[in-house]
Amino acid sequence: MAEDRDVVRVDFSFRRELAEKIEGNLASFCYQCGACVGDCPAATYSGGTFNPREVMLMVLYGLGDELLRPDSVLWQCTNCYSCHERCPQEVKPVEVIISLKNMLADRGFAPAAAERVIETFEATGRTVPPSPAIDKQRAKFGLPPLPEIPIEEIAAILRPDGGEEAAQ
C-alpha cells in the first residue's frame with residue numbers, strides 16, 4: 001500500500017473557485033505537453049523560478065496554497081500571450097495565470113508596483129499616467145493627443161455592483 005507521502009490529493013474546491021473566475025474549467029484540458037514554455041520570456045529569464053507548465057500542473061492538482069501566497073511566482077508572468085498562441089488544447093494558460101493574479105490581488109498579495117498601476121487606472125482610466133512627454137511622442141509620429149477617458153463610467157464598472165446601481 002502506498003505511503004501517505006506518495007498519495008496526491010487534489011483540492012477540487014480551489015479548482016472550482018478558479019473555474020468561476022475564467023471560462024469554466026479550462027485548466028482541466030491541459031495535458032502537460034510543455035508547448036507553453038517554448039516562447040515564454042518569463043520562463044527564459046526567471047532563472048528557472050517561473051514555468052507556465054508547472055503553474056498549470058499546480059492548478060490541475062489544486063495547489064492553491066502554493067500559488068496564492070505573498071511571494072508567488074505568478075507576478076513574473078509578463079502576460080505576453082505566447083503560451084496562449086502555442087497551446088494545442090486552447091487552454092489559455094495566460095488567462096488562467098491572470099485569473100490567479102486577480103485572486104492574489106483579492107487576497108491582498110499584489111506587489112507594490114501592481115498596486116500603483118491599479119491606483120493610476122482607478123484615478124485616470126489609464127495604466128500609465130498621462131504626461132506631456134506622451135503627447136510630445138505622439139505628435140512626433142503624427143498622432144493626435146490621447147482622448148479624454150470617461151472616468152465616471154470606469155468608476156461605475158469598478159464598483160462592486162458593476163455599475164448596475166447607476167443603470168437603474
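If you're wondering where the values come from, they're calculated on a predicted model, not measured in any experiment.
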For this session: May I ask whether M103 and M58 are part of the same hydrophobic cluster, defined by side-chain heavy atoms of I, L, V, M, F, W, Y residues being less than 4.5 angstrom apart, directly or through others?
Result: yes
Exercise. OG/S131 to NZ/K136 distance, rounded to the nearest 0.5 angstrom?
Worked result: 11.0 Å
Seminar exercise, completed: Shortest non-hydrogen pair, V128 vs T120, comes out as C-CG2, 4.1 Å
Exercise. Are L67 and F109 connected in a single hydrophobic cluster, I mean Ile/Leu/Val/Met/Phe/Trp/Tyr linked by side-chain heavy atoms less than 4.5 Å apart?
Worked result: yes
Exercise. Does the side chain of C77 reach to within under 4.5 Å of the side chain of P52, using non-hydrogen atoms?
Worked result: no
Exercise. Do V59 and Y61 sit in the same hydrophobic cluster, where Ile, Leu, Val, Met, Phe, Trp and Tyr count as joined when their side-chain heavy atoms come under 4.5 Å apart?
Worked result: yes
For this session: Identify the two heavy atoms, one from L60 and one from S28, that lie closest to each other, and give their separation to 0.1 Å.
Result: CD2-CA, 3.9 Å
Exercise. Does CG in D71 sit with more than 12 non-hydrogen atoms of other residues, nucleotides or ligands closer than 6.0 Å?
Worked result: yes
For this session: Working to the nearest 0.5 Å, report the span between CZ of F121 and CG of L158.
Result: 5.5 Å
Seminar exercise, completed: d(F50 CZ, S72 OG) to nearest 0.5 Å is 9.0 Å
Problem set entry | CD1 on I97 to SG on C40, rounded to 0.5 Å | 7.0 Å
Exercise. Is R53 reaching over with its side chain to a backbone N or O of Q32, donor-acceptor style, under 3.5 angstrom?
Worked result: yes
Seminar exercise, completed: When every non-hydrogen atom of T78 is compared with those of P41, the smallest separation belongs to OG1-CG, 3.7 Å
Problem set entry | Test side chain to side chain contact (heavy atoms under 4.5 Å, CB included) applied to D65 and F14, step by step | CA-CA 9 Å; D65 291 341; F14 168 72; over 6 Å; no
Seminar exercise, completed: In this structure, OG1 of T49 is separated from CD of E54 (nearest 0.5 Å) by 9.5 Å
Problem set entry | L100-Y81 co-clustered via ILVMFWY side chain contacts under 4.5 Å | no
For this session: State the OG1-CD1 distance between T127 and I118, to the nearest 0.5 angstrom.
Result: 11.5 Å
Exercise. Tell me, do R126 and I149 make a side-chain contact under 4.5 Å, heavy atoms counted?
Worked result: yes
For this session: Give the minimum heavy-atom separation between A105 and W75, together with the two atoms involved.
Result: N-CZ2, 4.5 Å
For this session: Measure the shortest side-chain to side-chain distance between D106 and K21 over non-hydrogen atoms and say whether it is less than 4.5 angstrom.
Result: yes
Exercise. If you take all heavy atoms of L26 and E90, which pair is closest and at what distance?
Worked result: CD2-O, 4.0 Å
For this session: Take L146 and R138, measure what side chain to side chain contact (heavy atoms under 4.5 Å, CB included) needs, and give me the verdict at the end.
Result: CA-CA 8 Å; L146 291 171; R138 290 179 63 83; 3.4 Å; yes
Exercise. Quick check: does any side chain N or O of R15 sit under 3.5 Å from a backbone N or O of G62, one acting as donor and the other as acceptor?
Worked result: no
For this session: Carefully, step by step, assess T124 and I151 under the rule side chain to side chain contact (heavy atoms under 4.5 Å, CB included).
Result: CA-CA 7 Å; T124 67; I151 196 67; 5.5 Å; no
For this session: Could you walk me through whether L18 and S99 pass the side chain to side chain contact (heavy atoms under 4.5 Å, CB included) test, one step at a time?
Result: CA-CA 7 Å; L18 179 61; S99 295; 3.8 Å; yes
For this session: State which residue, out of H84, E95, K101, fulfils the side chain to side chain donor-acceptor pair (under 3.5 Å) condition with N79.
Result: K101
Exercise. Are I22 and V91 linked, directly or through other ILVMFWY residues, by side chains that come within less than 4.5 angstrom of each other?
Worked result: yes
Exercise. Are R107 and E17 close enough for a salt bridge, meaning some N to O gap below 4.0 Å?
Worked result: yes
Problem set entry | Check: M56 and C30 side chains under 4.5 Å, non-hydrogen atoms | yes
Exercise. Near Q89 CD, under 6.0 Å, is it more than 12 heavy atoms from other residues, nucleotides or ligands?
Worked result: yes
Exercise. Any side-chain heavy-atom pair from P93 and V96 closer than 4.5 angstrom?
Worked result: no
